[in-house]
Amino acid sequence: MPKRRRQEGTSLIPSNLHVPEDCRAVSEVLARVGDKWTVLVVSTLGDGPKRFNELRRALGSISQRMLTLTLRSLERDGLVTRTVFPTIPPRVDYALTKLGHSLLEPVSSLGLWARQNRSAIHDARRRFDGAQTKT
């Protein structure tokens with residue numbers, strides 16, 4: 001029987017170190033921060049507090065409903081605060097919390113990685129898709 005080699009990039013973690021609860025926690029957080037609008041809202045609020053329509057203009061193609069849902073989710077997760085000022089009409093500002101600010105660095109790093117590797121990923125996809133059509 002031939003000796004099996006470890007797949008590139010696969011770490012050998014003993015099964016007794018795998019904690020299913022940790023996987024669930026990571027998956028849950030990645031689901032929140034991994035969606036397109038969360039990353040863009042967090043990045044935009046990194047410049048400071050914004051009103052709803054300021055955010056909407058800055059984000060461009062986001063719908064009012066999607067921005068509302070995204071902000072609610074971020075507020076629920078403790079990443080954004082919503083402050084209502086008792087003016088007429090009421091003014092509402094959204095800002096990153098301390099936890100939200102701590103997300104800026106990894107989000108920015110991931111964005112930089114994506115921009116730096118976009119062409120390499122597209123090249124790999126073209127090679128893969130070309131190889132699939134030949135088989």
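- Note that CZ of Arg115 is 9.5 Å distant from CG of Leu110, once rounded to the nearest 0.5 Å.
- Separation of atoms CD1 (Ile62) and NZ (Lys36) is listed at 8.5 Å; rounding is to 0.5 Å.
- Looking at Ser43, its side chain never comes within 3.5 Å of a backbone N or O of Leu40 through a donor-acceptor pair.
- A donor-acceptor pair is defined here as one N or O able to donate and one able to accept, closer than 3.5 Å; such a pair exists between the side chain of Thr38 and the backbone of Arg32.
- Expressed to the nearest 0.5 Å, how far OG of Ser61 lies from CH2 of Trp37 amounts to 3.5 Å.
- Atoms CG and CG, on Leu79 and Leu71 in that order, are 11.0 Å from each other to the nearest 0.5 Å.
- The neighbour count for Phe128 CZ, taken as heavy atoms of other residues, nucleotides or ligands under 6.0 Å away, does not exceed 12.
- Val42 and Val92 fall within a single hydrophobic cluster, where Ile, Leu, Val, Met, Phe, Trp and Tyr are joined by side-chain heavy atoms under 4.5 Å apart, directly or via other members.
- Ionic pairing of Asp22 and Arg24 is not present here: no N-O contact between side-chain nitrogen and carboxylate oxygen is shorter than 4.0 angstrom.
- Cluster annotation: Val26 is connected to Leu99 through the hydrophobic network of ILVMFWY side chains, with a link wherever side-chain heavy atoms come within less than 4.5 Å.
- Contact of the Lys50 side chain with the Thr44 side chain is registered, since non-hydrogen atoms from C-beta on lie closer than 4.5 Å.
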>> Evaluate Thr68 against Arg65 for side-chain contact (heavy atoms from CB on, under 4.5 Å), listing each step before the verdict.
In response: CA-CA 5 Å; Thr68 299; Arg65 181 178 187 282; 5.7 Å; no
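- The CG atom of Leu103 sits 15.0 Å away from atom NZ of Lys98, with the distance rounded to the nearest 0.5 Å.
- For the atom pair Phe52 CZ and Arg82 CZ, the distance stands at 10.0 Å (nearest 0.5 Å).
- Val41 has its side chain within reach of Leu67: a pair of non-hydrogen atoms, C-beta onward, lies under 4.5 Å apart.
- Hydrophobic clustering (side-chain heavy atoms under 4.5 Å, transitive across Ile, Leu, Val, Met, Phe, Trp, Tyr) keeps Val33 apart from Leu112.
- Checked by atom type and distance alone, the side chain of Gln132 never pairs as donor or acceptor with a backbone atom of Asp129 at under 3.5 Å.
- The hydrophobic clustering, which links ILVMFWY residues whose side-chain heavy atoms are closer than 4.5 Å, places Val80 and Leu104 together.
- No donor-acceptor distance shorter than 3.5 angstrom exists from the side chain of Thr81 to the backbone of Thr97, with no hydrogens or angles considered.
- Cluster membership for Val84 and Leu74, using ILVMFWY side-chain heavy atoms within less than 4.5 angstrom, is shared.
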